[in-house]
There are 2 protein chains.
Amino acid sequence: MATKIDERSRTREPLSRERILRTAVAVADKGGAESLSMRRIAQELGVVAMALYKHVANKDELLDGMIDAVIGEIDPPIEGADWKTAMRERILSARRALLRHPWASQVIESRAEPTPTIIGYMDSMMGIFISGGFSVDLMHHAMHVMGSRILGFSQELFDETSSMPADEAIAMWAQLADRYPNIAALVGEISGGDISHDEGSVVGGGCDDQFEFEFALDLMLDGLERLRSAPTPQPAGSTG
Amino acid sequence: MATKIDERSRTREPLSRERILRTAVAVADKGGAESLSMRRIAQELGVVAMALYKHVANKDELLDGMIDAVIGEIDPPIEGADWKTAMRERILSARRALLRHPWASQVIESRAEPTPTIIGYMDSMMGIFISGGFSVDLMHHAMHVMGSRILGFSQELFDETSSMPADEAIAMWAQLADRYPNIAALVGEISGGDISHDEGSVVGGGCDDQFEFEFALDLMLDGLERLRSAPTPQPAGSTG
DNA sequence: ACCTGAACACCGTTCAAGT
DNA sequence: ACCTGAACACCGTTCAAGT
């Protein structure tokens with residue numbers, strides 16, 4: 001009994017919103033988005049779940065606070081750079097922040113309404129396009145083209161962390177070559193000669209995510225640059 | 001009591017996997033992804049939740065079955081078309097399927113492992129690139145560029161269904177013009193002269209989603225076409 | 001003023017029991 | 001063979017009660 005009281009008083013900094021958010025981010029960094037329950041966060045603070053409700057209105061508000069903390073880690077735009085460099089570097093900074101907090105993209109997606117911090121970030125990204133000579137209209141389309149990439153993440157349709165060892169995965173896809181010939185070709189190409197270095201399961205985390213992210217990013221930025229200096233602001237195939 | 005028995009026997013087609021999936025899709029179409037609980041689906045079938053477990057292993061398997069049902073609605077690729085047309089039309093077909101089942105994109109994202117049906121769909125999309133003359137490498141990058149668009153959806157960072165009336169939204173953003181000048185400019189541009197037709201809250205569902213989807217799609221397809229016939233397979237800014 | 005216990009209305013899932 | 005009731009281990013959240 002005495003021990004329990006000691007444990008509690010040991011952590012008796014008075015449980016502020018700030019401390020709750022810090023703890024929640026730490027819990028998520030360690031255990032992923034699934035570990036984010038009010039009871040779990042409270043436990044980490046040596047407190048009961050209902051105690052949190054004096055400092056945050058509800059779980060959604062807590063999640064918003066966590067999102068804002070991550071967005072706050074993104075570097076401000078480079079001063080004096082051209083729009084493309086400014087956009088590219090800031091998106092890569094956002095990506096670094098998101099990679100430090102792997103739960104964040106999922107939490108951002110789960111929230112219906114953007115926080116004021118995210119709205120502000122978006123507005124500042126729009127400003128980079130406008131300063132770069134984009135019309136308001138083309139800036140609008142550009143924001144849709146970029147989508148979540150503007151926040152540094154993209155939808156990965158296959159799980160990034162395949163539990164299977166690379167060589168097993170390669171063998172598996174080879175066996176399925178008649179059913180999925182193109183995936184098999186892809187796995188074959190990438191694994192190439194040296195199966196030893198873990199690039200095996202192309203479809204399950206074997207690819208170089210950073211390269212693919214930048215490849216797609218540059219394709220989009222190059223496409224937008226072309227439209228920016230083109231007579232007609234729509235790509236050829238567009239039907240409206 | 002007699003009434004209750006009557007109600008039950010009325011729906012006594014013997015509760016197959018097929019019937020469960022059909023009902024689950026109907027429940028989700030009506031109530032969204034949040035309404036997809038085992039208890040809720042069972043209730044719709046006049047049965048108790050635990051009865052479902054004789055026909056599906058668990059909820060994840062049920063979700064996979066629902067996903068496959070939606071993927072099954074996507075048209076096969078057009079025969080004899082060039083790769084760009086084939087890709088474009090099939091993605092737009094996928095989009096129509098996803099729009100018929102608005103819960104599907106969220107459910108697909110929530111699942112870590114792709115179903116065999118999705119893997120097959122991906123392989124067939126890869127085949128369109130390969131047949132169109134893409135190298136295996138460029139096809140790989142192309143798949144990453146397209147991302148979830150290949151399944152007909154894209155990450156919308158703002159909620160598409162804003163509860164606010166268009167004119168209220170316009171007034172709101174006008175008032176926030178000093179804090180978010182670029183968003184304000186955007187809303188101002190789009191609302192233009194006629195506020196009456198509901199294009200108001202650009203940042204909350206006021207934009208033409210179909211146009212933006214096709215705009216981004218075409219920008220990507222055009223960019224890929226350029227790389228396909230270029231000497232070096234990487235966009236200019238790429239650092240690897 | 002700040003935290004807690006008990007409770008409510010939900011989840012997915014297991015397992016022994018009913019027909 | 002097929003379905004059910006009770007139970008377990010979880011959720012977010014409310015509200016009256018404790019200190």
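Excluded from the calculations below are hydrogen atoms, water molecules and symmetry mates; all remaining heavy atoms, backbone and side chain alike, are included. Residue numbers begin at 1 in each chain, while the letters A, B, ... track the order of the sequences. Bear in mind that the values here come from a model prediction, so they are computed numbers and not experimental data.
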Flag side-chain contact, heavy atom, 4.5 Å: [X] against [Y]:
X        : Y        : result
A/Met66  : A/Leu21  : yes
A/Leu62  : A/Ile20  : yes
B/Arg95  : B/Asp209 : yes
B/Arg179 : B/Trp173 : no
B/Tyr180 : A/Ser124 : no

Tell me: [atom1] of [X] to [atom2] of [N], nearest whole Å?
X       : N      : atom1 : atom2 : result
A/Ile41 : D/dT13 : CD1   : C1'   : 14 Å
B/Arg39 : C/dT14 : CZ    : P     : 13 Å
A/Asp60 : D/dC11 : CG    : P     : 16 Å
A/Met38 : D/dC10 : CE    : C1'   : 15 Å
A/Lys59 : D/dC11 : NZ    : P     : 9 Å
A/Glu34 : C/dC11 : CD    : C1'   : 16 Å
B/Leu36 : C/dG12 : CG    : C1'   : 13 Å
A/Arg17 : C/dA1  : CZ    : P     : 21 Å

Closest approach to the side chain of [X], judged atom by atom: which nucleotide of [options] is it?
X       : options               : result
B/Leu15 : D/dC3, C/dC3, C/dT14  : D/dC3
B/His55 : D/dC3, C/dT13, D/dT14 : D/dC3
A/Ala51 : C/dC11, C/dC3, D/dC3  : C/dC3
B/Ser37 : C/dG12, C/dT13, C/dT4 : C/dG12

For B/Met50, answer base if it contacts any base atom (sugar-phosphate contacts may also be present), sugar-phosphate if it contacts only those atoms, and nothing otherwise; contact means non-hydrogen atoms under 4.0 Å.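 Since a base atom lies under 4.0 Å of B/Met50, the category is base.
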What's B/Leu62 touching, base or sugar-phosphate or nothing? Going by heavy atoms closer than 4.0 Å.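 No contact.
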Heavy-atom pair of closest approach, residues A/Arg111 and A/Asp64: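 For A/Arg111 versus A/Asp64, the nearest heavy atoms are NE-OD1, 2.8 Å.
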Dot-bracket notation for DNA chain D is requested: 5' to 3', Watson-Crick or G-U wobble pairs only, both distances under 3.5 Å, with ( ), [ ], | and . as defined. ||.|||||...|||||.||
Between C/dC2 and A/Lys54, is there an OP1 or OP2 to side-chain N/O distance shorter than 4.0 Å?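 A/Lys54 to C/dC2 OP1/OP2: no side-chain N or O under 4.0 Å.
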One thing to verify: whether A/Arg96 and A/Glu73 come together as a salt bridge, which I'm taking to mean a side-chain N less than 4.0 angstrom from a carboxylate O.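 No, A/Glu73 and A/Arg96 are not salt-bridged.
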